[in-house]
There are 2 protein chains.
Amino acid sequence: MQVTSRDATGTTTDKFNCSVCPVRDHAVCSRCNPEEFEQFKAIRRIRSFSKGAHIMRAGEPMTSVGSLTRGSAYLRRSLEDGRRQMVGLLMPGDFIGRPGRREVAFDIIAGTEVQLCQFRIGDFERILQASPAVSRRLLEMTLDELDAARLWMLVLGRATSRERLTSLFALLVQHDARHMSRKIGISAKIELPFARSDIAEFLGLTIETVSRRFSDLQGDGLIRIEGRRKILIPDYLALIAETGDSESWRHEFHGEVCLSSAVE
Amino acid sequence: MQVTSRDATGTTTDKFNCSVCPVRDHAVCSRCNPEEFEQFKAIRRIRSFSKGAHIMRAGEPMTSVGSLTRGSAYLRRSLEDGRRQMVGLLMPGDFIGRPGRREVAFDIIAGTEVQLCQFRIGDFERILQASPAVSRRLLEMTLDELDAARLWMLVLGRATSRERLTSLFALLVQHDARHMSRKIGISAKIELPFARSDIAEFLGLTIETVSRRFSDLQGDGLIRIEGRRKILIPDYLALIAETGDSESWRHEFHGEVCLSSAVE
DNA sequence: CGTTAGTTTGAAAGAGATCAAAGGTTGTGG
DNA sequence: CCACAACCTTTGATCTCTTTCAAACTAACG
């Protein structure tokens, strides 16, 4: 990897090669011209977080923004008695933070080992003001995330527990397909990026219910649980028939919006 | 009103005076320079829709975008068996449509008599490309909506029916407060922009459950139902204590994000 | 006034949550 | 390499909240 040294907090103190950056072609910086790109290079700071670490915490002042370059993370929000809900999934290339707000609105937790390319918020806002390419790219990404959030609101508001779980699988399959840039086959194997408890938080259910539905779906032959974090989907179409919204999941459209911020 | 004539479909054929436009200071066009503003004037088309009408339908090609200038509308999405969920509330000044996508993702329904200021999508995208002021304003609005959507995901995923209803009331109170630009008092009167069935679709509940919780809250003295579409909240703080997230509702922050696209 | 649509209330059923315990994995130290 | 601890997952039994089905009530409107 490009990180050559690292201090105690996980911040690299020197070089990181943008030209081999895994999100070079779709992050917020992906469409800027060479001089804007140099500005970014000058102010960026590479940091890493270990699995489970809080990248940001709701309520604290927002001091930096940036791109997720490796790993995955999620956005979470809690009620005062501790009930929690995941409200977003962050994958490589996704933007973290909110220009124009001084306070963080959601907890952001590293789901795996994570690498970030961060900018101090003031530095970033200066570039954003000056660069139409950056603000347009960020607009595009934000619109995609908004559609994805709204689509997921339907799942949280109306879907049964079985539908929620199959919807999550469909989302992950499409995600992989897009990321690996290949077609969705009739069968698929997916690596679950979460533990059962994370899945429960994502779906608005308890872990017990999630576990029961896993078993049911396996009993019905719709999935095969292959170890704790891996499942096989023998028939993708049969799976999405259980989501309550198969038409949408079949439709190419979802391939675009359900990814955190996919682009073509 | 400024509309001087109207054809059968509700499209005005001539003048509309932007200088007295009710959303002049916060719509997508609010920050552009005089010449950009002239461009907007040249391509805009004022349309109106009656209560209950579909402004757009999920799946159809997106031919135009624009601003909601009067009335309110909502975004809705359905499962194939007819279960429905509202996924957004549109108030005057809010932007309708999605540059960069050719297909409409959600049903948009007029909640009241509605007036729109529309542009053909191609015309709008041309201005968007050329004008940093417009794309920055749209980015700002979209980021606010994304935060609001995610905040609502917590309600849909985790709140009880009582919490959902009180959260909706809190949202409407804050909305009014912002719109009328006055402080939230200890007591408030709100006009419900929906029927019970709409509230149910918004909250992810059935109308029966909504109705029962209305009665409960009135029994507990937290609200007074004053006619079908009006309620009085004698003690706003007592109300938000029932949301499960009173800290957030008290916090000024929510005054910013829970509005569809408020600006300061 | 009577009709219709919207709202409230009641009783029963169902889905998911909660409480509780047993099974499996993973990791560590002997 | 095995044993044990800690953690995660699955399964079971029961309870609770929301839905469903049904009917009564109320307000608006012709």
Nucleotide dT7(C), atom P - distance to CG of Leu205(B) in whole Å: 15 Å
Separation of atom CZ in Arg212(A) from atom C1' in dG14(C), rounded to whole Å: 14 Å
Separation of Gln115(A) CD from Cys21(A) SG (nearest 0.5 Å): 7.5 Å
Nearest-nucleotide comparison on DNA chain D, the residue closer to the 5′ end among Thr209(A) and Arg228(B): Thr209(A)
Thr160(B) side-chain proximity, nearest of dT18(D), dG16(C), dA13(D): dT18(D)
Rounded interatomic separation in angstrom, taking CG from Leu203(A) and P from dG16(C): 11 Å
Closest to the Glu208(B) side chain, choosing from dG16(C), dT11(D), dA22(D): dA22(D)
Sugar-phosphate, base or nothing in reach of Ser161(B), heavy atoms under 4.0 Å: sugar-phosphate
Sugar-phosphate, base or nothing in reach of Arg83(B), heavy atoms under 4.0 Å: nothing
Side-chain N or O of Arg162(A) closer than 4.0 Å to phosphate OP1/OP2 of dG16(C): no
Whole-Å gap separating C1' (dG23(C)) and CD1 (Ile225(A)): 14 Å
Spacing between Ile207(B) atom CD1 and dT19(D) atom C1', to the nearest angstrom: 12 Å
Distance below 4.0 Å between Ser197(A) side-chain N/O and dC8(D) OP1 or OP2: no
Parallel, tilted or perpendicular, as decided by the 30° and 60° cut-offs, for the rings of Phe194(A) and Tyr74(A): tilted
Separation of atom NZ in Lys230(A) from atom P in dG24(C), rounded to whole Å: 21 Å
Side-chain N or O of Ser215(B) closer than 4.0 Å to phosphate OP1/OP2 of dT8(C): no
Parallel, tilted or perpendicular: ring planes of Phe169(A) versus Phe214(A), cut at 30 and 60 degrees: perpendicular
CZ (Arg224(B)) with more than 12 external heavy atoms under 6.0 Å: no
Non-hydrogen side-chain atoms of Glu242(B) and Asp220(B) separated by less than 4.5 Å: no
Shortest side-chain distance from Arg196(B), nucleotide among dT9(D), dT8(C), dT18(D): dT8(C)
Sugar-phosphate only, base, or nothing, as touched by Arg229(B) at under 4.0 Å among non-hydrogen atoms: nothing
Nearest-Å distance for atom pair CZ/P, residues Arg158(A) and dT18(D): 13 Å
Integer-rounded Å distance: dT11(D) C1' and Gln218(A) CD: 14 Å
Residue closer to the 5' end of DNA chain C, Ser211(B) versus Ala159(A) (nearest nucleotide): Ser211(B)
